[in-house]
Every structure is written in C-alpha cells, then in structure tokens.
Protein chains: 2
Amino acid sequence: MELRQLRYFIKSAELLNFTEAAHSLYISQSTLSQQIKQLEDELGMPLFDRIGKRVRLTEAGSQFLPFARLTVSDAEGGRAVIDDLKGLKTGELRIGVTYGLSTLLTPVLVQFSAQYPEVKIIVEFGTSEDLLDKLKSTRVDFLLSFLELQDNDMFISQRLYESPLTLVVHPSNPVADKKSITIKDLKDIPLVLPAKGFHTRHFLNEALAQNNVQPNIKMELNDINTLLQLVETGNWCTIMTVAAAKGRQTLKTIPIKGLNIISQASITWPKESYRKKAAIVFTEMIKKQMK
Amino acid sequence: MELRQLRYFIKSAELLNFTEAAHSLYISQSTLSQQIKQLEDELGMPLFDRIGKRVRLTEAGSQFLPFARLTVSDAEGGRAVIDDLKGLKTGELRIGVTYGLSTLLTPVLVQFSAQYPEVKIIVEFGTSEDLLDKLKSTRVDFLLSFLELQDNDMFISQRLYESPLTLVVHPSNPVADKKSITIKDLKDIPLVLPAKGFHTRHFLNEALAQNNVQPNIKMELNDINTLLQLVETGNWCTIMTVAAAKGRQTLKTIPIKGLNIISQASITWPKESYRKKAAIVFTEMIKKQMK
DNA sequence: TTACATCCATTGATAAAACCGATTTAGAAA
DNA sequence: TTTCTAAATCGGTTTTATCAATGGATGTAA
C-alpha cells in the first residue's frame with residue numbers, strides 16, 4: 001500500500017470511471033488498472049465491482065475510502081507543516097470561491113500575493129456543491145461561499161457578512177429610475193439569471209414560488225461575469241447579492257420589496273485537517289478587509 | 001512522498017540511528033539513507049541534523065513526525081477495516097502485555113485462537129514504558145498493563161481489576177508458615193525482585209523508602225517466569241501482584257501489612273485510530289473471563 | 001442483427017527507481 | 001596520530017511503475 005495507490009483509488013472512487021480517472025491523474029488507463037488491482041490484491045479484497053463496462057465501489061471499497069482520504073490528507077498536512085516552517089516562502093494555497101464573492105476576493109488576492117509572492121495561489125471558482133466536493137477531498141484549503149451549513153462532522157464555518165438579494169440593472173434600462181420594486185414586478189422585467197446550481201437561484205425559486213410569481217426569465221447562464229456583461233447592455237436585469245454586483249460601477253442595484261433573502265457569506269474549513277499558515281493569514285486578510 | 005518513506009522516517013526518528021533503523025526495517029543502510037534524502041528533497045527541508053556521525057531530528061523533522069505517524073496509522077486503519085470485513089477470517093492482532101498480566105492473558109489466548117484460528121496473534125511482552133512506546137507507534141493494537149495513566153490526548157484506558165502487591169513464597173521456605181508479615185519484616189527476607197522498569201518496582205521502592213526499610217534484595221531480573229522459578233526453589237521470596245502469582249499453584253501468597261499498593265490492571269487503547277474487530281472481541285473476552 | 005463505440009483487463013517492452021554491496025568521508029574515540 | 005564507526009556516495013542489479021497496443025466484454029446506434 002502506497003500513497004500513490006491511495007490517490008489513484010480515491011480519484012477512481014470519485015469518478016467511478018477508470019479511463020477518466022487515469023486521464024485526470026495524468027497516467028495511462030492501464031497503469032491505473034494495474035495499480036488498483038495491486039492494491040486490491042494486497043488488501044485481499046476487491047474495492048470495485050466491475051459490472052460490464054461499469055465500475056462501482058464494493059462494500060469494502062466504500063469502507064476503505066474514508067481511510068484512504070484521511071491517509072492522503074494527513075500526508076498533505078505533513079507537507080503543509082513543513083511549508084509553514086519555511087515562513088510562507090513556499091507552498092500552495094488553494095481557495096474555493098463562489099462567483100458571487102469574487103469582488104471580496106480580488107483585493108485580498110492582490111494584497112496577499114504582494115506580501116507573500118512565493119506562495120502559489122490557485123483559485124477555484126464553482127458552485128457551492130462543486131466546491132464542497134472539492135473541500136471534502138482536500139482539493140481546496142478553504143471555501144468562500146454563501147453556503148449556510150450547520151456545523152457537522154466534516155466542516156466548520158465562520159460567518160463573514162450578510163448580503164441581501166437585489167435587482168441589478170444598467171442605467172440605460174427603463175427600470176433603472178425606480179427607487180425600489182416589488183416581487184410582483186418581477187414578472188414583467190426581462191431577466192438573465194444565474195443557472196441552477198447557484199445558491200441564488202435556489203433561494204430565489206423558493207421565494208418566487210411562495211409569492212406565486214412567474215418571473216420573465218430570458219436566459220440562464222453559469223458564468224457571473226458574462227451575465228453581468230449582458231446586464232450592462234441594458235437589455236436585461238438580473239438578481240444577485242449586493243456584494244456580487246458591487247464590483248461593477250456602471251451597474252445599479254435596486255431593492256426588491258418583500259424579497260427577504262439575505263445570503264450569509266462565510267468561510268468554510270474542513271474540520272479535522274491541518275490549517276496551513278497561508279490559509280489562516282489569507283482569511284484574516286479577508287476579515288480585516290471587510291471592516 | 002510515499003508510505004514507505006514515511007515508515008522509514010518514523011523508524012529512523014525513533015532510533016535516531018540510520019544503521020539500526022535500516023536493520024530493523026530489513027533494508028540496507030544505503031537504501032534508507034537515500035530514501036530519507038529523497039523525502040527531504042521533496043519536502044524541501046532536512047528532517048534530520050547530521051552532526052558528525054550522530055543524527056537528530058530537526059525542528060521540521062519533529063513537526064513532521066506526528067503527521068507521518070498519523071498517515072501510516074490511518075493507512076493501517078484502512079487495512080484493518082478490510083480485514084474486519086472478512087469477518088475475523090484474516091488479519092493480525094498485536095497485543096502488548098506486561099509480565100504480571102500473563103496469567104490473565106493465557107486462557108483468553110487459547111479461547112480466542114480456538115474461535116478465530118485465522119487471526120494471527122502477536123503477543124509482545126515488555127515493561128510498561130516499552131509497551132506504551134509500541135502503542136504510540138501503533139506496533140500493538142492495545143495494551144494489557146498496570147499502567148495507571150490519566151486519560152490524555154493519545155490514550156484511553158479501561159479499568160479491569162485491582163490487585164494488591166503481595167509476598168510470594170514457596171511452601172518449603174521458612175516464611176511460608178506465617179499468615180501475614182509487615183513491611184519491616186522485609187529487611188530479613190531474601191528477595192528476588194523484578195528489575196527496574198517494572199511498575200512493581202517503581203511503587204515498591206517508594207513504599208520502602210517511605211517506611212525507611214532496606215530490603216534484602218539478592219537478585220533482580222527482567223523475566224517474571226524465571227523469577228518465579230527461582231522462588232519455587234524455596235531459597236528466595238518475591239513481591240508482585242496477587243494476579244501475577246496466581247498461575248503458579250505451587251506458590252503461596254502472603255499479605256504484607258502496611259503495604260498499601262494496589263495495582264490497577266487496565267486495557268489501554270490509542271485514542272484516535274481505528275479499533276479492529278479482532279481487538280474488540282479479544283478485550284471483551286478478557287472482561288468476560290474475569291467474572 | 002450487425003457494426004460501432006466505450007470501457008476495463010492484459011500483454012510485452014521500456015524507463016524509472018528501489019535496492020544492495022563496496023567504498024568514501026568525516027566525526028569520535030583511543 | 002591511528003582506529004573505529006556511522007552516514008553518504010557510487011556503480012550495478014533487480015524490481016516495478018509506466019506506457020502503447022491489443023483483446024474482450026458490454027452497451028448503443030444503425
């Protein structure tokens with residue numbers, strides 16, 4: 001049993017597809033197949049069921065997976081300790097962030113990178129679910145998101161600030177003159193919205209259904225930047241958190257009366273694993289920046 | 001970074017001697033040297049200081065060590081889970097036991113081995129300190145000992161029973177007729193005692209010093225079996241827990257008045273790591289056997 | 001039903017690396 | 001100084017991780 005094999009196993013268990021797993025591990029499919037087999041032989045039990053061309057975890061595989069994750073994560077913790085000892089002169093910092101929080105992130109990225117130029121930063125944008133997955137498999141150090149999860153076995157959250165959902169318009173749009181609108185008004189305003197999977201949509205859908213309002217959705221997309229560019233043409237409006245729209249000076253936010261959705265921005269950490277110094281310093285910068 | 005290297009590192013850190021470590025790992029000294037170097041290169045920091053021909057842990061090495069231990073221990077936990085899934089039809093059970101508790105152990109060994117013949121049992125006798133070391137580095141699954149440790153970060157104890165220290169004699173010995181003796185009497189009785197390092201000696205020494213008694217120690221040895229054989233010659237007596245002497249029907253135990261040392265037999269587990277089913281079953285047998 | 005695409009296992013060859021014995025180097029001891 | 005000992009280094013051997021190519025099995029589309 002070697003860490004290499006555990007890494008291969010974890011990736012395979014996640015994708016349940018040897019070919020893809022091999023590809024994402026930058027090894028050949030045959031190598032992966034052999035290494036998995038070798039691991040299985042050593043443990044004396046198959047970790048995967050090969051049913052036809054499909055692959056799924058055996059009972060043994062499911063039971064083994066959390067240990068494999070722990071093992072790899074501890075090893076990475078060890079590496080992080082060493083990196084920390086080098087005084088932030090090295091190492092990587094992987095940040096998972098939801099699109100809506102990029103405006104909060106950017107200035108801190110600049111500041112941190114200037115102060116610790118030796119630390120390589122990898123920013124992963126994604127939906128909350130994607131990111132939580134990445135956090136679980138320790139592919140990011142922490143999360144910046146609107147996830148509101150009750151503390152559980154695996155994660156722990158620190159609250160950052162609250163940001164209400166708001167209508168975002170370009171000054172050239174006819175709606176731009178209003179001081180505020182109501183939920184009912186939404187049925188007449190052409191909207192481009194973040195796609196399903198974004199937390200905004202999740203809450204928005206519920207609120208609209210409760211108020212029995214059919215919104216006039218013209219487009220859905222999963223890239224906030226493009227979405228805001230569309231809004232800047234003046235043809236459509238969108239709905240997102242005030243914080244997310246903040247970065248665009250050309251755009252205007254208009255409160256939506258009766259829409260009581262307040263997103264809770266927070267930092268989410270994996271509960272058990274080692275927190276590298278770079279991550280702690282970075283999150284402290286974020287908190288300070290908010291003041 | 002591979003588990004192999006972590007294992008090499010841990011052993012080297014424990015022995016602080018590459019040659020010995022290599023020997024106990026059944027690899028050549030040159031291999032060990034190279035693997036450690038490779039690990040250090042990958043981490044970008046030396047883990048050992050080579051001062052002259054000596055080796056000691058660097059700061060980085062000390063910080064890395066617990067992570068290395070965790071990593072290896074988690075991997076072994078994974079293996080144990082798989083073994084458990086095989087329904088005690090395989091796997092190893094490593095028991096650390098102090099000499100004084102062998103009488104408790106033996107019948108359970110027989111019973112367990114009969115019931116689960118496929119499980120390989122390794123029994124490690126040793127002093128409490130030795131065994132605690134082995135427990136720390138997960139070379140045993142649990143400990144059977146007279147250690148009375150307050151629960152801490154690493155270990156957790158379950159009490160088994162109490163056993164007072166007593167004088168052990170052979171019927172042919174002149175002392176054998178007495179119903180009881182006092183601490184003062186000890187200065188005239190020729191004794192063979194367990195060597196330093198045995199918990200018995202530790203407590204006994206304190207009690208004797210407190211009562212200002214110079215015992216008549218003729219011999220010290222670190223093997224309880226041999227010690228009891230010497231007592232069976234009738235030439236000497238010894239002092240140990242009632243439980244430890246229980247196995248020898250030919251010997252007699254005589255209470256020592258004023259000697260208020262009661263040893264607490266207990267099972268000690270590592271706190272965080274996975275408890276294999278075989279270990280749980282075995283300890284349950286021990287508890288049941290005591291009734 | 002046939003042809004095709006897809007996925008995992010196997011094979012044979014190659015490059016990498018783990019390993020060893022012998023030697024060198026350098027403190028420590030005599 | 002010499003001697004001794006422990007770690008590093010060197011050169012060569014064995015092991016093994018890896019790959020490309022291929023085979024076999026299984027869904028899918030024609």
Side-chain angles (χ1 to χ4, degrees), chain A residues 1-62 64-65 68 71-72 75 78-79, chain B residues 1-62 64-65 68 71-72 75 78-79:
Chain A
M1 199 192 316
E2 289 297 339
L3 284 174
R4 172 174 31 80
Q5 296 169 322
L6 297 182
R7 285 187 241 268
Y8 292 177
F9 166 68
I10 292 168
K11 181 62 81 178
S12 305
E14 277 166 5
L15 298 180
L16 290 176
N17 179 324
F18 284 12
T19 310
E20 277 181 45
H23 189 251
S24 99
L25 289 164
Y26 303 104
I27 56 171
S28 74
Q29 174 262 319
S30 92
T31 298
L32 181 66
S33 194
Q34 288 176 72
Q35 288 297 308
I36 295 288
K37 188 173 175 37
Q38 190 171 317
L39 181 59
E40 290 175 322
D41 284 351
E42 183 179 343
L43 293 174
M45 257 195 166
L47 298 170
F48 292 98
D49 273 330
R50 282 81 160 172
I51 8 175
K53 47 202 284 186
R54 265 195 208 139
V55 164
R56 71 164 181 223
L57 280 174
T58 58
E59 169 68 14
S62 326
F64 188 68
L65 181 56
T71 307
V72 170
R79 170 173 282 128
Chain B
M1 198 193 313
E2 289 298 339
L3 284 174
R4 171 175 30 81
Q5 296 169 323
L6 296 182
R7 287 186 239 267
Y8 292 179
F9 166 68
I10 292 167
K11 181 62 78 178
S12 305
E14 279 167 3
L15 298 181
L16 292 176
N17 179 323
F18 283 12
T19 308
E20 278 182 45
H23 189 252
S24 99
L25 290 163
Y26 303 103
I27 57 171
S28 73
Q29 175 262 321
S30 89
T31 299
L32 182 65
S33 194
Q34 288 174 69
Q35 289 296 309
I36 294 288
K37 189 174 172 40
Q38 190 172 317
L39 181 58
E40 290 175 323
D41 284 351
E42 183 180 342
L43 294 173
M45 257 194 166
L47 298 169
F48 293 97
D49 273 330
R50 282 80 161 172
I51 13 174
K53 48 203 287 185
R54 274 208 194 127
V55 159
R56 72 167 179 219
L57 279 174
T58 59
E59 169 67 14
S62 327
F64 187 69
L65 181 56
T71 307
V72 170
R79 172 174 281 128

Worksheet entry | Which residue lies more 5' along DNA chain C, comparing A:Arg50 with B:Arg54 via nearest heavy atoms | A:Arg50
Item to complete: Could you pull out all residues at least two apart from A:Ser24 that satisfy side chain to side chain donor-acceptor pair (under 3.5 Å)?
Response: none
Worksheet item: Atom CG of A:Asp49 and atom P of D:dT26: how far apart are they, to the nearest Å?
Response: 14 Å
Worksheet, complete the sentence: Separation of C:dT11 atom C1' from A:Lys37 atom NZ, nearest Å, is 14 Å
Practice prompt. May I have all residue pairs that pass salt bridge (Lys or Arg N to Asp or Glu O under 4.0 Å) and include part of residues 16-37 of chain A, sequence neighbours excluded?
Written response: none
Fill in: side chain to side chain contact (heavy atoms under 4.5 Å, CB included) partners for A:Arg7, two or more places apart
A:Leu3, A:Val72, A:Glu76
Practice prompt. Mind checking ring-ring contact (aromatic ring centres under 6.0 Å, His included) for A:Tyr8 and listing every partner two or more places apart, or none if nothing turns up?
Written response: none
Worksheet entry | Phosphate OP1/OP2 of C:dT6 contacted by A:Asn17 side-chain N/O (<4.0 Å) | no
Worksheet item: How would you list, by chain and number, every residue that makes a side chain to side chain donor-acceptor pair (under 3.5 Å) with B:Glu42, sequence neighbours excluded?
Response: A:Arg79
Practice prompt. First locate atom CZ of B:Phe48, then atom CZ of B:Phe18, and finally report the distance between them rounded to the nearest 0.5 Å.
Written response: 4.5 Å
Worksheet item: Please give, in whole Å, the distance from C:dC8 C1' to A:His23 NE2?
Response: 17 Å
Worksheet, complete the sentence: Its contact letters, B for base, S for sugar-phosphate only and - for none at protein heavy atoms under 4.0 Å, make nucleotides 16-27 of chain C read --SBBB-----B
Worksheet item: For the helix from C:dT1-D:dA30 to C:dA30-D:dT1, how many degrees between its two end axes (five pairs per end), to the nearest 10°?
Response: 20°
Fill in: For B:Ser62, side chain to side chain contact (heavy atoms under 4.5 Å, CB included) partners two or more places apart
B:Leu57
Fill in: Which residues share a side chain to side chain donor-acceptor pair (under 3.5 Å) with A:Gln5, sequence neighbours left out
A:Gln35
Worksheet, complete the sentence: Residues at least two apart in sequence or cross-chain that pass side chain to side chain contact (heavy atoms under 4.5 Å, CB included) with B:Ala21, listed by chain then number, are B:Lys11, B:Ser12, B:Leu15, B:Leu32
Discussion item. On the nucleotide C:dC8, are OP1 or OP2 found under 4.0 Å from the side-chain N or O atoms that A:Ser33 carries?
Written reply: no
Worksheet entry | For atom CZ of B:Phe18 and atom C1' of D:dT5, their distance in whole Å | 15 Å
Provide a list of protein-nucleic acid N or O atom pairs under 3.5 angstrom, restricted to nucleotides 12-15 of chain D.
none

Fill in: Gap between atom CD of B:Gln29 and atom CD of B:Gln34 - 0.5 Å precision
9.5 Å
Worksheet entry | Protein-nucleotide distance (A:Leu47, atom CG; C:dA9, atom P), rounded to Å | 12 Å
Worksheet item: Which residues pass the side chain to side chain donor-acceptor pair (under 3.5 Å) test with A:Arg50, sequence neighbours left out?
Response: A:Glu40
